[in-house]
Amino acid sequence: MTVVTRFAPSPTGFLHIGGARTALFNWLYARRHGGRFLLRIEDTDRARSTEAAKQAILDGLDWLGLEWDGEPVYQSARAERHTAVARNLLDAGNAYRCYCSPEELVAMREAARKRGSGRLYDGTWRDRDPADAPKDVSPVVRLKAPLDGVTVVDDAVQGRVTVRNDQLDDMVLLRADGTPTYMLSVVVDDHDMDITHIVRGDDHLTNAFRQSLIYRAMGWAVPAFAHIPLIHGPDGAKLSKRHGALGVDAYRDMGFPAEAVCNYLARLGWSHGDDEIFSMAQATGWFDLEDIGKSPARFDLAKLTSLSAHYIRAMADDRLAGTVEPLIAGRLAGPLTDTQRARLIAGLPGLKERAKSLVDLADSALFYCRPRPLEADAKAAKLLDDSGKAKLALARNALAEVEEWTADSTEAAVRATADAAGEKLGRIAQPLRAALTGRTVSPGIFEVLGVLGKPESLGRIDDILDRTAA
RNA sequence: GACCCCAUCGUCUAGCCAGGUCAGGACGUCACCCUUUCAAGGUGAAGACACGGGUUCGAAUCCCGUUGGGGUCACCA
């Protein structure tokens with residue numbers, strides 16, 4: 001049997017981080033078994049579905065590298081098939097028309113709650129003579145669900161879950177206007193798409209009971225279920241807008257590499273022993289529904305950040321340059337010149353070692369690309385007081401003598417000067433850093449010197465020294 | 001309220017199913033080392049089996065209960 005999984009978002013918002021993980025698990029499972037991973041857009045709520053949201057979801061999946069097989073299925077396009085199934089059920093006596101008014105339903109629900117019953121609809125029209133039907137009311141179609149016994153879902157994550165059938169009432173299949181409900185559509189689509197494994201958030205666990213009732217009524221094979229725990233916010237409550245960034249696009253905008261987000265998400269709720277850092281190719285080789293935890297996990301930005309830093313450090317310079325260049329151009333309000341780009345690439349080894357995110361990286365790389373004279377930030381300016389400038393002058397003299405300009409040769413020159421002057425290297429290096437970068441924090445100062453080159457380096461130093469002279 | 005699910009360091013988790021480990025790792029935190037700043041790296045530290053009963057020679061592991069958390073209860077998806 002070929003494994004077929006699906007991700008079925010409704011396009012009412014952006015690709016939520018929890019949805020992204022659900023998609024990832026489905027993708028991983030399908031890839032692990034050489035199966036197919038399908039995408040279905042559940043756009044039957046026309047009022048809330050938007051084209052922009054659909055596109056955002058597709059973009060999000062694309063960014064994460066979760067390629068789906070074939071064309072996306074649009075649930076709204078399949079309404080006729082859904083109603084046909086409902087008619088089937090009706091003809092077979094497995095469903096019936098219900099003429100209750102919304103008011104009656106509300107009263108029923110309240111009464112049921114009051115007596116602590118789980119069955120919210122009392123089955124009024126279940127066995128009532130259709131001849132009693134009021135002429136002016138268009139009915140809904142309800143499933144004739146079993147009254148007693150139990151329904152069992154053997155969930156790959158949650159284990160065997162049993163619910164008494166008296167807790168399950170006769171759900172609506174077709175609304176009064178004849179449109180199918182979600183509960184019907186999902187089942188029909190999953191069946192028609194030959195889905196073998198339904199991996200989704202455990203907020204759907206109770207739906208699984210109702211849905212398996214529809215499968216049975218139709219005589220269809222029930223697919224395997226795997227209900228994965230939801231992701232919670234740092235406060236332990238369901239992840240929501242209150243917790244800040246929601247869509248994967250927000251994490252992309254924060255400068256987290258896609259592989260860091262995938263790695264983090266994969267590790268959230270799923271484990272392969274003590275493995276923490278792994279590629280999706282590795283995860284594909286390891287993934288199993290059995291290894292998904294049963295308890296909800298909290299979203300931890302600190303850990304994502306640490307993964308992000310790891311992947312940035314590991315990234316090849318040319319690829320990294322390509323992703324940060326637009327960010328830098330944005331900050332510079334113009335495209336990079338060849339010189340700026342060359343400095344950026346040369347400076348990347350020292351820069352990426354320190355970056356937590358791509359945004360971070362762009363900010364810290366800025367000084368390489370800024371034209372002279374540099375503006376020093378407050379802390380750097382403080383280092384460039386009279387005493388600092390004296391040290392800077394010392395360094396300038398030493399550097400001016402350097403012929404073969406490299407990180408090593410400039411270091412040798414500055415160290416020699418420091419020794420001769422009886423100064424600790426740091427006393428000279430910090431003013432130098434302030435002059436060269438405009439900041440107190442940067443990659444190794446000799447690396448900076450090497451990247452900048454002699455004329456630019458001396459120029460930046462002179463910008464500071466001359467300013468005082470004047 | 002009813003039904004369902006869950007419960008190991010602050011967080012993510014390994015270990016649980018097939019009882020016997022100093023309960024392991026990672027992130028974070030702290031200290032030290034390295035050091036031209038900041039990172040990275042290295043070393044080390046603090047830090048958990050929710051509680052109560054069983055079963056057993058022995059329980060994080062099996063059973064029951066309590067407490068706590070979460071989810072679902074629509075002619076939404």
Side-chain angles (χ1 to χ4, degrees), chain A residues 8-12 42-45 47-49 75 98 100 102 105-106 109 112-121 138-142 153 155 157-159 161-164 166-169 171-177 179 181-183 185-186 201-207 209 227 229-230 232 234 236-238 264 267-277 290 293-307 309-310 313 350-356 364 379 383 411 414-415 418 424-430 432-434 437 439-446:
Chain A
S10 42
T12 54
E42 304 206 325
D43 55 349
T44 48
D45 186 346
R48 291 197 299 155
S49 298
Q75 192 159 62
C98 163
C100 287
L105 258 16
V106 169
R109 267 201 290 280
R113 288 227 166 111
K114 203 155 287 174
R115 49 167 208 280
S117 161
R119 184 180 281 269
L120 268 18
Y121 174 68
S138 42
V140 300
V141 173
R142 289 182 183 269
V153 167
D155 194 278
V157 172
Q158 307 290 341
V161 187
T162 304
V163 123
R164 292 199 319 272
D166 62 19
Q167 296 296 324
L168 272 18
D169 49 14
M171 75 198 99
V172 174
L173 264 18
L174 248 35
R175 301 187 185 94
D177 65 2
T179 57
T181 59
Y182 163 79
M183 213 58 82
S185 302
V186 179
D202 75 5
D203 48 341
H204 284 284
L205 183 56
T206 52
N207 287 338
F209 294 102
H227 288 95
L230 265 17
H232 288 176
K238 189 178 177 180
Y264 177 70
R267 195 63 188 70
L268 201 60
W270 172 76
S271 63
H272 181 262
D274 283 336
D275 291 306
E276 295 286 348
I277 292 176
E290 263 184 23
K294 300 169 84 167
S295 51
R298 298 185 188 204
F299 189 83
D300 182 15
L301 199 61
K303 190 153 183 177
L304 206 209
T305 303
S306 122
L307 248 10
H310 171 87
R313 258 178 268 134
L351 254 18
K352 70 182 181 187
E353 194 71 23
R354 294 161 171 78
K356 300 279 178 229
S364 65
K379 281 187 213 158
L383 281 172
E411 174 163 7
V414 174
R415 275 189 193 277
K424 288 193 72 175
L425 182 57
R427 301 271 295 162
I428 295 181
Q430 274 310 82
L432 196 51
R433 170 170 286 111
T437 71
R439 303 188 186 186
T440 54
V441 173
S442 82
I445 196 59
F446 303 112

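Lettering of chains follows the sequences in order, A, B, ..., and the numbering in each one begins at 1.
- A distance of 14.5 Å separates NE2 in His204(A) from CZ in Phe209(A), rounded to the nearest 0.5 Å.
- With both ends at atom P, the span from A50(B) to G10(B) equals 11 Å, rounded to whole Å.
- His232(A) places its NE2 atom 5 Å from the C1' atom of G70(B), with the value rounded to the nearest Å.
- If you check distances only, the side chain of Lys303(A) does reach the base of C12(B) with a donor-acceptor pair under 3.5 Å.
- Checking side-chain atoms of Thr12(A) against main-chain N and O of Arg48(A) turns up no donor-acceptor pair under 3.5 Å.
- Here the P atom of nucleotide A39(B) and the CZ atom of Arg313(A) are 12 Å apart, to the nearest Å.
- Applying the 4.0 Å criterion to OP1 and OP2 of C6(B), one finds that Lys294(A) has a side-chain N or O inside that range.
- For the P atoms, the distance linking G25(B) with A14(B) amounts to 15 Å, nearest Å.
- Counting only distance, with no hydrogens or angles, the side chain of Tyr264(A) and the backbone of Leu301(A) share no donor-acceptor pair below 3.5 Å.
- G52(B) and G47(B) have their C1' atoms separated by 25 Å, given to the nearest Å.
- A donor N or O paired with an acceptor N or O is not found under 3.5 Å between the base of A39(B) and the side-chain atoms of Lys356(A).
- When the nearest nucleotides of RNA chain B are assigned to Gly273(A) and Asp203(A) by heavy-atom distance, the more 5′-ward of the two goes with Gly273(A).
- For the C1' atoms, the distance linking A31(B) with G58(B) amounts to 39 Å, nearest Å.
- Base pairing of U36(B) is not made with any nucleotide, judged by Watson-Crick or G-U wobble geometry with both donor-acceptor distances under 3.5 Å.
- Contact of Arg298(A) with U11(B) (side chain to base): no donor-acceptor pair of N or O atoms is detected under 3.5 Å.
- Nucleotides C5(B) and G41(B), compared at atom P, are 43 Å apart to the nearest Å.
- For the C1' atoms, the distance linking A48(B) with U36(B) amounts to 42 Å, nearest Å.
- Per the geometry, CG belonging to Leu230(A) stands 7 Å off P belonging to U72(B), to the nearest Å.
- Look at the P atom in both C64(B) and A7(B): the space between them is 14 Å, to the nearest Å.
- In this structure a side-chain-to-backbone donor-acceptor pair under 3.5 Å is missing from Arg267(A) to Ile277(A).
- Between Arg415(A) and U36(B) there is a side-chain N or O to OP1 or OP2 distance below 4.0 Å.
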Every protein N/O lying under 3.5 Å from an N/O of nucleotides 43-51 of chain B:
none

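- At least one donor-acceptor pair under 3.5 Å links the side chain of Asp155(A) to the backbone N or O of His227(A).
- Checking G28(B) for Watson-Crick or G-U wobble geometry (two distances, each under 3.5 Å) identifies no partner in any strand.
- A45(B) and A26(B) have their P atoms separated by 13 Å, given to the nearest Å.
- Under 4.0 angstrom from either OP1 or OP2 of U36(B) there lies no side-chain N or O belonging to Arg427(A).
- Partner assigned to C73(B) is G1(B), using Watson-Crick or G-U wobble distances below 3.5 angstrom.
- For A14(B), one of the phosphate oxygens OP1 or OP2 lies less than 4.0 angstrom from a side-chain nitrogen or oxygen of Ser271(A).
- Side chain of Val140(A), nearest nucleotide from C6(B), A77(B), C75(B): C75(B).
- With sequence neighbours excluded, the residues satisfying salt bridge (charged side-chain N to carboxylate O under 4.0 Å, His left out) with Arg427(A) are Glu423(A).
- The partner of G68(B) is C6(B), judged by Watson-Crick or G-U wobble contacts that both fall below 3.5 Å.
- Between the CG atom in Asp300(A) and the CG atom in Leu268(A) there is a gap of 9.0 Å [rounded to 0.5 Å].
- Across all strands shown, C57(B) is found opposite G20(B) as a Watson-Crick or G-U wobble partner, with both distances under 3.5 Å.
- Between the side chain of Asp202(A) and the base of G71(B), no donor-acceptor pair under 3.5 Å is found.
- Closest-nucleotide positions on RNA chain B for Asp274(A) and Asp43(A) were compared, and the one nearer the 5' end corresponds to Asp274(A).
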